[in-house]
Every structure is written in structure tokens, then in C-alpha cells.
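Working notes, beginning with the structure itself.
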Amino acid sequence: MPNIRGRRAVRPALAILAAVLLLLTQAGPVVAGPADQTTAESGNPFTDGWYADPDVAVYGSTYWVFPTTSKTYGEQTYLDAFSSTDLVNWTKHPNVLTTARVSWASYAMWAPAPVYRNGKYYLYFAANDIQNNSALGGIGVAVADQPQGPYADALGRPLIGQFQNGAQPIDQDVFIDDDGQAYMYYGGWGHANVVKLNADMISLGTFGDGSTYKEITPSGYVEGSQMFKRNGKYYLMWSEGGWTGPDYSVSYAMSTSPTGPFTRLAKVLAQDPAVARGSGHNSVINVPGTDVWYIVYHRRPLSETDGNHRQLAYDRMYFNADGTIQPVTMRVKDDFNDGNALGWRAYGGSFAASGGRYQAGSSLGGKALLDTNFADFSFDADVTVTSGGGDAGLIFRVKQPAVGTDSYTGYYAGISPAGRVVLGRVNNNWTQLQATAMTVAAGTTYRMRVTAVGSSIKVYVGDLATPKIDVTDATFASGANGVRVFNAAGAFDNVAIGPAVGAGTNLALNRPATGTTACVGSEGPEKAVNGTVNGGNTDKFCSAVTGAWLRVDLGSTRAITRFEVAHAQAGGESASFNTRAYTIAVSNDGTTWTQAVAVTSNTAATTLHPVALSGRYVRLNITTPTQTTDIATRIYELRVFG
């Protein structure tokens, strides 16, 4: 039967038989799922176009995503859907529901929520963005005989057309519990409600106390309810912040009951200044029969300023042993197995995804970029010079790109059949930094890696342990990543960009971080591992808790050579706010800790602590938070070098 986020419904025997027959004729066997991926390995966004608010279902052998069409209100008159059997190749199904098939809906058709029951496919949606109870609109329900529709209005009126408990009737999610009871979670304007759905799925039930609407609003809730169940625990997720702002993000709560109470635990998805902004309004996919979970969400490319320019993405979601969710890392990868190059933009030359690679025709400097802004990173890719005597390779820390051989600022590392590896700096002209002799054969694929940390730039080819080129250049600090050819044709594959790896790199960069309660929601532990202290005095972890602490998970046990701590003054605040006394400890299991550093009278803006040890977890414990009586700890960055 259909699997919807691991949900199953209890039905009479005849209904079950009918559902099985329906699936055999329409959907095929239950989907086994893809390999355990860290992200959309073929690249985010995983679908083309501007979309937001995705909700998901697994019907038979197929994954389905139903999003909002991200346009102006007046243009939001239809809903599309996307389907895939492997989470790689996606088929678009346009106009699965339109306002023409809903008599009361005119515009602002939002956040579709799919569910299968009673041999029918239901799609819950919001329309008209009502602002008060005298307006017509709210949450409706449509029904179809197949997942791709066409869906038609089931009621001729909204299912929920009024504000209840202050909740605007939008952003609904439907969840069917193991006992067959269906619930709908919804709400905007900072309020969340849960209602029961009757077995017909088009009417509301009541709770034991006779009420219909139960408010479950957790702290920080804005909109975008999402419910799933794992190992007997109920997870409510929601969006915080403003939908057009960089602070749009996802937090969650856990409960032993589908109706709560739901107490906010942590933020699990937020913007990454190197990858994307405005990341929120999520759903989740559980690959059937596994404990593999993905968070599906929308986000805004870094260079986009139009609030409606949102795209669909997914990343792996991991759980701790106690069931809590680890902070999600937005990863940057592309293996081009989906036959497209979504997210890439070419400047000159000819680029196309084909044969599972990104092919570049011969040109004098054609380049293609991802919309990233990495400062410190490792950039890996398979690079092939397919023809020509020039070179092909990786460009990074790029700004001001344009068509032209050297029309950008940044760096380029390439390989050439002429027998060399070359690294250069580009500022609308070329400056060679270093070249190294190496045998390079046309048509042969080489794994390249560029690791840049501050002014240190290392280029690896084939051997990822020993760099072919190692230089120091501090001209350009951050920018976009991409690929380039010069007087050659090339091919690129298995692109991956992330925190720097190797000796002398910051192992804590963008790793999952937890800590004591933050001063405000925007100053959480993740700010202390985002690789920057340049975002003003909110670019820090701040906690006013006595005995504040910050913990970072390095992902595996790593050799550690030094710690660096950037205190208040490093971020532009008064030196009086620099941390005075603290310790740093490490652990392999998160339970047994070994103290590595103890400081009792620091006054410096940034402190360095050489060590020789190993561990997976690093914990900074604050004894005296400032030089004065101010109680707030301010940690702008905790760096862990290996």
C-alpha cells in the first residue's frame, strides 16, 4: 500500500484489497529507495523553476513532491507536482490542481499536502490568503483517482475557512497515525492548530473534550507545520523568521502524543552564507523500510533578491541516539546523473550535462559557476581535458564573472596535456602563481581538489594527500565556485564543495553545534562554526546562562593540533566582553570527556591553544563569561584544526 512518510492507515479488508489492486495497476511495487545519500547527489535544486513549500508522499514505487508555485499572489492559480522513482530523475506534472477546478479559490494557492486513503488521492491546499473571518478562503481539499490528478474540489467550500486560536488557515500538513486516525496540522500568523480528520478525509472530527481545534503553538512558531513519526515519537517541525528574509529557518519539537505538548528543542535548518538563504517550509522523506531520512525544503539562491525566487532542495537528516535531530548541513554536490545542470550558470563557451558529466566545448576561457560564496573550503571534482592543448580545471573565490577569457576576479587551477598543473590569480587579467610539471593525458580523468583556508591555497591532482601546488595568496577571500576551460574542451563530474579537509584545516567549520540557551534565536550555536566573524555583533553564539557551553560534533574521531577561539573583540564588540575564563574538553563518545585547555585570565580577542590529541566531540565550557559582571557569553568562532 502507499507509504506516506512511514504512515499507514487501518482499513477494512475489502478496502485494503482494493488499494492493493489499485497499486498493482498504477504504481508498481513499493519503492526500495536510493542509496543512503548525504544530499541530492545530482545537485540542488533538484527540479527546475521557482517553487516553495514542498510536501511529499511515497505512492507505490514513486516519490512525489507537491510544492507551491513561487510567483506573485495573482499568478498562484495552479499547482504542479514532481515524481521520481530514484530521487534523482524527476518528471514534472503540470496543473495537477487549478483555481478553475475550485469555485471559491481565486489566487494564492499554497502549500499542497498529499495523502492517500479510501482508494483516493487527496490534496489539501490553502487559497486566497484570507486576512479576516469575513473573507472567503482558507484550507480546502481536492481529490483525484491518481497521484498526478487532475484534482477536483471535494467540498465546494473551504474545509477550514475561519481563524481559530489566532491561526491563519494556511500551511497544512496531514498525518495518519498507526491507529488510522488522521490529523491535520496547520497555521500561520504565529499560531499552530491540530484537528482530527474523520475517516472520509473531508470533514473534521472532535477531540475527547468535544473541541475541534486544539492549539499547539510552540515557541518561535511562525508557519509551515510538518508532522512525522519515528520510533514511537512524534516530531512537529515548523518555520521561523520572515519568509523573504535570510532568517527563515526550521525548528522542531518532540512529543509522545500526536497532539503534544510540543516544546521547542532546536533549530535544525538555517541559511548557510556559503550556499543559500531563506531556507525553510520543509517536509521529510523516509525511504521505506529504512531509517534513511531526507529533509525537503525551499531556499533562495545567494544572488537572488526577488522574494519569490525560491527553489526545491533536499539534504540528509540524521538523528542522535536519543532521537533528537542533528543540525542539517546544506551540502553542495553534483554528479550530473540527472542529465541536467540546474544551479549552474555559464559565462561564455558551451556547457551541457550529458552522459553523466558536465561537458564543456572548446573555448578561450568559457566558465560555469555555482551560486556559492565559500571562503574556506575543499573543492573536489573529476576533471578531463577531452581535446585541445590548453587546460581545464576549477575556479574559486570568484566574483564579478562575465563573458571573456579572464573576465572575473578569483583563482583558477587547471591541468593540461602540455604537462603541467597551473594555479593563477585572475583580476580581469592573468597572474600565474605557480606551475608544476605533471604528465596529463587527454581523455583521462583526474581527481582534482583545491583546499583554501585563509591565504593558504593547495591544489591536489590524483594524490589527495600531497599537494602539487602550495602557495600563499590573500588577494581574494571568498566567492563562487565553478569550472573552466582554456583553449581546450573538457568534462567535469562528481563535484563536491564543503568544509576544508586535510592537515591544518578547520574541522569544526559548519559542523553540527549545540549549546546552552541562546540570548536570542538568531545567536545560536551554529553561528560559532559558520566560518566568519564579519556579520556584525549577531554573528556569534550568545548565551546568558550561567555555566554556558558550546559543543561541536566533528563527525568522526579526528586528530587535533590546535584550538582557536574568537571572542567578542574579534567580532567588533568591546574588549570588556572577551571571555575571561573557560575550558575546552574532547570526547570520543560524547559522554566521557578529557580536558585539553584551561584558561583563567584571558583578555585577548582571539586565543590559540596548541594540543596533540584526538576526539570527535569538542566542548567549550565557560567559567567567567566577560571581563566585567556582564553575564552573557559571546563566542564568535570556535575553530578546531587537524
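In this chain, numbering begins with 1 at the start of the sequence shown.
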Under the side chain to side chain contact (heavy atoms under 4.5 Å, CB included) rule, what do Met330 and Asn44 come out as? Steps first, then yes or no, please. CA-CA 9 Å; Met330 287 194 284; Asn44 282 319; over 6 Å; no

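- Rounding to the nearest 0.5 Å places CG of Leu433 at 7.5 Å from OG1 of Thr475.
- In this structure, Tyr358 has its ring center under 6.0 Å from that of Trp344.
- A salt bridge is defined here as a Lys NZ or Arg NE, NH1 or NH2 lying under 4.0 Å from an Asp or Glu carboxylate O, and Arg484 with Asp406 meets this definition.
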Steps toward side chain to side chain donor-acceptor pair (under 3.5 Å) verdict (Thr372, Asn481): CA-CA 6 Å; Thr372 56; Asn481 302 75; 2.9 Å; yes

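- In plain terms, the two heavy atoms of Pro218 and Arg264 that are nearest each other are CB-N, 4.4 Å.
- Taking each heavy atom of Gln226 and Val284 in turn, the nearest pair found is OE1-N, 3.5 Å.
- Expressed to the nearest 0.5 Å, how far NZ of Lys540 lies from OG1 of Thr532 amounts to 13.0 Å.
- The two residues Ser456 and Lys458 make their nearest non-hydrogen contact at OG-NZ, 3.1 Å.
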Determine whether Arg425 and Asn427 satisfy the following criterion, side chain to side chain donor-acceptor pair (under 3.5 Å), listing intermediate values before the conclusion. CA-CA 7 Å; Arg425 180 177 66 239; Asn427 190 1; over 6 Å; no

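- If you take CG on Asp473 and CG on Leu423, they are separated by 8.0 Å, rounding to the nearest 0.5 Å.
- The CD atom of Gln326 sits 6.0 Å away from atom CG of Asp553, with the distance rounded to the nearest 0.5 Å.
- Between Val483 and Leu394, some side-chain heavy-atom pair lies under the 4.5 Å cut-off.
- Looking at Thr329, its side chain never comes within 3.5 Å of a backbone N or O of Arg331 through a donor-acceptor pair.
- For the ring pair (Phe, Tyr, Trp, His ring centres under 6.0 Å) with Tyr314, the qualifying choice from Trp293, Tyr297, Tyr294 is Tyr294, the only one to do so.
- A salt bridge does not link Arg634 with Asp539: every distance from a Lys NZ or Arg NE/NH1/NH2 to an Asp or Glu carboxylate oxygen is 4.0 Å or more.
- Around atom CG of Leu608, more than 12 heavy atoms belonging to other residues, nucleotides or ligands sit under 6.0 Å away.
- Here the side chain of Lys468 pairs no donor or acceptor atom with the backbone of Ala435 at under 3.5 angstrom.
- Residues Phe396 and Phe379 place their aromatic rings such that the two centres sit no closer than 6.0 Å.
- No donor-acceptor distance shorter than 3.5 angstrom exists from the side chain of Gln569 to the backbone of Thr606, with no hydrogens or angles considered.
- Counting only heavy atoms from C-beta outward, the side chains of Arg316 and Val292 approach each other to under 4.5 Å.
- Note that CD of Glu564 is 10.0 Å distant from CD of Glu637, once rounded to the nearest 0.5 Å.
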Pair Thr633-Tyr582, side chain to side chain donor-acceptor pair (under 3.5 Å): steps then yes or no: CA-CA 10 Å; Thr633 293; Tyr582 57 94; over 6 Å; no

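- At least one donor-acceptor pair under 3.5 Å links the side chain of Asn602 to the backbone N or O of Thr579.
- For the pair Arg551 and Tyr617, the cation-pi test (distance below 6.0 Å, angle within 45°) is passed.
- Residues Pro273 and Leu302 share a closest heavy-atom pair of O-CD1, 3.6 Å.
- Put simply, the side chain of Thr451 reaches to within 4.5 Å of the side chain of Ser378, judged on heavy atoms.
- What you find for Ser219 and Glu240 is that their closest heavy atoms are O-OE2, 3.8 Å.
- Between the side chain of Tyr347 and the main chain of Leu369, no donor-acceptor pair closer than 3.5 Å is present.
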Evaluate Ile584 against Gln595 for side chain to side chain contact (heavy atoms under 4.5 Å, CB included), listing each step before the verdict. CA-CA 6 Å; Ile584 301 176; Gln595 184 171 296; over 6 Å; no

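- Note that CD of Gln311 and CZ of Phe46 are 10.5 Å apart. Values are rounded to the nearest 0.5 Å.
- With Phe228 as the aromatic partner, Arg230 does not meet the cation-pi criteria of under 6.0 angstrom to the ring centre and within 45 degrees of the ring axis.
- The residues Arg357 and Asp382 are annotated as not salt-bridged, no charged nitrogen and carboxylate oxygen being separated by less than 4.0 angstrom.
- A salt bridge does not link Asp272 to Arg299: none of the charged side-chain nitrogens sits closer than 4.0 Å to a carboxylate oxygen.
- Side-chain atoms of Ser42 and Asp335, non-hydrogen and from C-beta on, do get closer than 4.5 Å to each other.
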Can you list the steps and then say if Trp243 with Arg310 is a side chain to side chain contact (heavy atoms under 4.5 Å, CB included)? CA-CA 10 Å; Trp243 72 275; Arg310 296 172 288 177; 3.4 Å; yes

Between Thr290 and Asp36, does a side chain to side chain contact (heavy atoms under 4.5 Å, CB included) hold up when you go through it step by step? CA-CA 9 Å; Thr290 76; Asp36 183 357; over 6 Å; no

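- In this structure the side chain of Met438 never reaches within 4.5 angstrom of the side chain of Ser416, judged on heavy atoms.
- In this structure, the side chains of Thr445 and Val383 stay at 4.5 Å or more apart for every pair of heavy atoms.
- Annotation for His298 and Ala52: closest pair ND1-CB, 3.4 Å, computed over non-hydrogen atoms.
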Side chain to side chain donor-acceptor pair (under 3.5 Å) between Asp630 and Thr628, intermediate numbers included: CA-CA 6 Å; Asp630 191 287; Thr628 65; 5.6 Å; no

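- Under a 3.5 Å cut-off, the side chain of Ser587 and the backbone N or O of Thr592 do form a donor-acceptor pair.
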